[in-house]
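Have a look at the structure below before the remarks.
Only this structure's heavy atoms are used, side chains among them; waters, hydrogens and symmetry mates stay out. Letters go in sequence order (proteins before strands), and every chain restarts at 1.
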Number of protein chains: 2
Amino acid sequence: MRGQRRPEGRPAGGLGRRRGHGDGDTRQRILDEARELFADFGFDHVTVRDICQHAAANLAAVSYHFGDKLGLYLEVVRGAAEKMKVANEGVMAPEGTAPVDRLSRYIRVYLPRLMLVDQDRFGWIHHLMRQEMAEPTPGARIIMDEAILPRVRYLSAIVAELLGCAIDDPRVMRCVASIQSQCLFYLPDPFRDRVANWPERTARTAAAAAEHVLAFSLAGIEAVKGSG
Amino acid sequence: MRGQRRPEGRPAGGLGRRRGHGDGDTRQRILDEARELFADFGFDHVTVRDICQHAAANLAAVSYHFGDKLGLYLEVVRGAAEKMKVANEGVMAPEGTAPVDRLSRYIRVYLPRLMLVDQDRFGWIHHLMRQEMAEPTPGARIIMDEAILPRVRYLSAIVAELLGCAIDDPRVMRCVASIQSQCLFYLPDPFRDRVANWPERTARTAAAAAEHVLAFSLAGIEAVKGSG
DNA sequence: GCCTTCGTCAAACAACTGTTTTATACATCC
DNA sequence: GGATGTATAAAACAGTTGTTTGACGAAGGC
C-alpha cells in the first residue's frame, strides 16, 4: 500500500537535464538537510515539515521523491553506510602489520574520531549510529552489517592473535567488548559532560585518552591471557 | 500556565480515608503502570492513554493526580532515585576494606546486576536510566545526582588509592571511565545480541564477564600506574 | 441537611504529524 | 503542437497525543 507507486529511485538521470519547472535539486537539498537533522535528533524526533522547511522544499516533496519518511531515512542510512566502509579502512592497518601495532592504530584513530565527532566532517555518521542504537529503526540492520560487524571481526582477529587462541574463544569477545566499550564511552554525551573532571574535547585530551585506553587494554589482554 | 492549579501533591493524606466513589488507589495504580511503561519504552514513547488503560483508570486521572504527563514521570524518577540510593549501598564495601577488594566487589555485584537486569526485581531502574541517557528529560538531573555521581566518586576514590595519586589526577577519571564503560557495555542491548559470540545472559556468563572485567581492569590500572 | 471538596468519567479540544489529493507549470517526445 | 511525464505547490485528510472541560456521585465539615 505504500512504497513504490512513485519513482523511488532518482527520478531524473544525471546529465543536468532538469525537467519540470523546479530548480531540480530539491531531492538533493532534502537529502542534505535530512542527514543533518536525523543525525542530530533521530528518526522519531524529526518531522517531515522540519526537513522540508530547512530544505526550502514543499511538504509533499518527501513523499514524491522518497515514497515516505522512512524511505528518505533509509536513503540517508544507505549513504552513511557507504561512507562507513571508507572510514573503516582508515582504522585498519595494512595486512601483515604486527597485532600490537594494529590495535594501536585502531584505538589511536578511532577514539579521537569518536571524541571529536563534532569537529569531524563525517561526524554526523556517528551521531546517526548513536541514534540508531538508542532507538533502532529498520536502518539498524544496515548500520550493523556495514559498520559494526566489520569492526568487531577486525578487532577479534587482533585480540585472538594477541591472546594466542582461537577467534571463537570466549575471552576474545570479552576483550573486544572491553576495548570497544572504552572507545565508545568517549562519544560526546551531555550526561558525561556534567561529571567533574571529565575531559574537555580537544585533540590533546583525545590523544591522551587514546594512549590510556591502549595501555590499559594491552595490559588487560596480557592479564586475561595469563588466566586462560 | 500549567502545573499547580491542581493538587499536585498527594491529594488525600495517608490514613486510608478514601473519599469520593473511586476505589481510591487510582493514583498508585497509575504510578505502578507508568513505572513499567516508562522504563520499557521511555518518556516519549509512552502515551498517557497507554498508562491509563493499563492502570484501568480514566484518561484525565493523570492530569488530576500529577498535573501532567511530565509530573507523573518525575514522580516515577523520584521513586527510582530513592531505590538507587539503596542499590548503591549494595555495591559498596564497608569502610576500611582494601581497595582491590572494594573494586572487586563493585564489579562483581554491579556488572551481573546490569547484565541480568531483566531478572532483577529493580531492573526497571536501569532501564529507566538507559532511557534517560538515550534521550534526557528534566529527570536526568535527578538520576545524575542520585545514581551516577555517587558511583563515580566511589570508584574514583578506589582508583586513586590503587594508583597512589590524587583523586583529581586525570588518570583517575580515565580509569574510572574504563571500568564503568566495560560494565555498562553488558546492559542488554538488541544490537549486541546480534553479534556472533556475544554471551547469553545467564548467571554463569555474567560471573565470567565480571571476572574478566576485574582482571582486565586491575592489570590496566597497574599499567597506567607505571606510565604516570 | 446543605455545601464544599474530592475523585472519577465521558467527551471534546487543540496541536501536531505523516500522507494524500488536486492543480499547475515546465520540458520532452512524437 | 498536443500528449505525456516530471517536479512543485497549496490544501486537505486522518490519526494520534497531551490536556481540558463539565458533569456527577460520594464522603466530610458545619
dT8(C), dA7(D), dT19(D): which one has an atom nearest the side-chain heavy atoms of T26(B)?
->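 Between dT8(C), dA7(D), dT19(D), the one nearest the side chain of T26(B) would be dT8(C).
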Distance, rounded to the nearest Å, where [X] contributes [atom1] and [N] contributes [atom2]:
| X | N | atom1 | atom2 | answer |
| --- | --- | --- | --- | --- |
| L59(A) | dT21(C) | CG | C1' | 12 Å |
| F38(A) | dG18(C) | CZ | P | 9 Å |
| Q28(A) | dA7(D) | CD | C1' | 16 Å |
| Y64(A) | dT19(C) | OH | P | 17 Å |
| N58(B) | dG22(D) | CG | P | 16 Å |
| D25(B) | dT8(C) | CG | C1' | 13 Å |
| K69(A) | dT20(C) | NZ | P | 14 Å |
| D68(B) | dC13(C) | CG | C1' | 17 Å |

- request: Determine the interplanar angle of the Y73(A) and F38(A) rings, folded into 0 to 90°, and report it as parallel if under 30°, tilted if 30 to 60°, perpendicular if over 60°.
  value: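 Judged by the thresholds at 30° and 60°, the geometry between Y73(A) and F38(A) is perpendicular.
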Between the base of dG7(C) and the side chain of R27(B), is there a donor and acceptor pair under 3.5 angstrom? no
- Item | E36(B) atom CD: more than 12 heavy-atom contacts under 6.0 Å |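 Counting neighbours around CD of E36(B), 12 or fewer heavy atoms of other residues, nucleotides or ligands fall under 6.0 Å, so no.
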query: So, is H65(B) near the phosphate of dT8(C), with a side-chain N or O under 4.0 Å from OP1 or OP2?
result: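 True: H65(B) side-chain N/O within range (under 4.0 Å) of dT8(C) OP1/OP2.
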Across the strands shown, which category fits A61(A) at heavy-atom distances under 4.0 angstrom: base, sugar-phosphate, nothing?
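Result for A61(A) = nothing.
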**OP:** Scan side-chain atoms only and decide if T26(B) and H65(B) contain a donor-acceptor pair under the 3.5 Å cut-off.
**Re:** no
Any side-chain to backbone donor/acceptor pair from Q182(A) onto S178(A)? Under 3.5 Å, distance only. yes
**Prompt:** Nearest nucleotide by nearest heavy atom, which residue falls closer to the 5' end of DNA chain C, A60(A) or T47(A)?
**Reply:**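 Comparing both residues, the 5'-ward one is T47(A).
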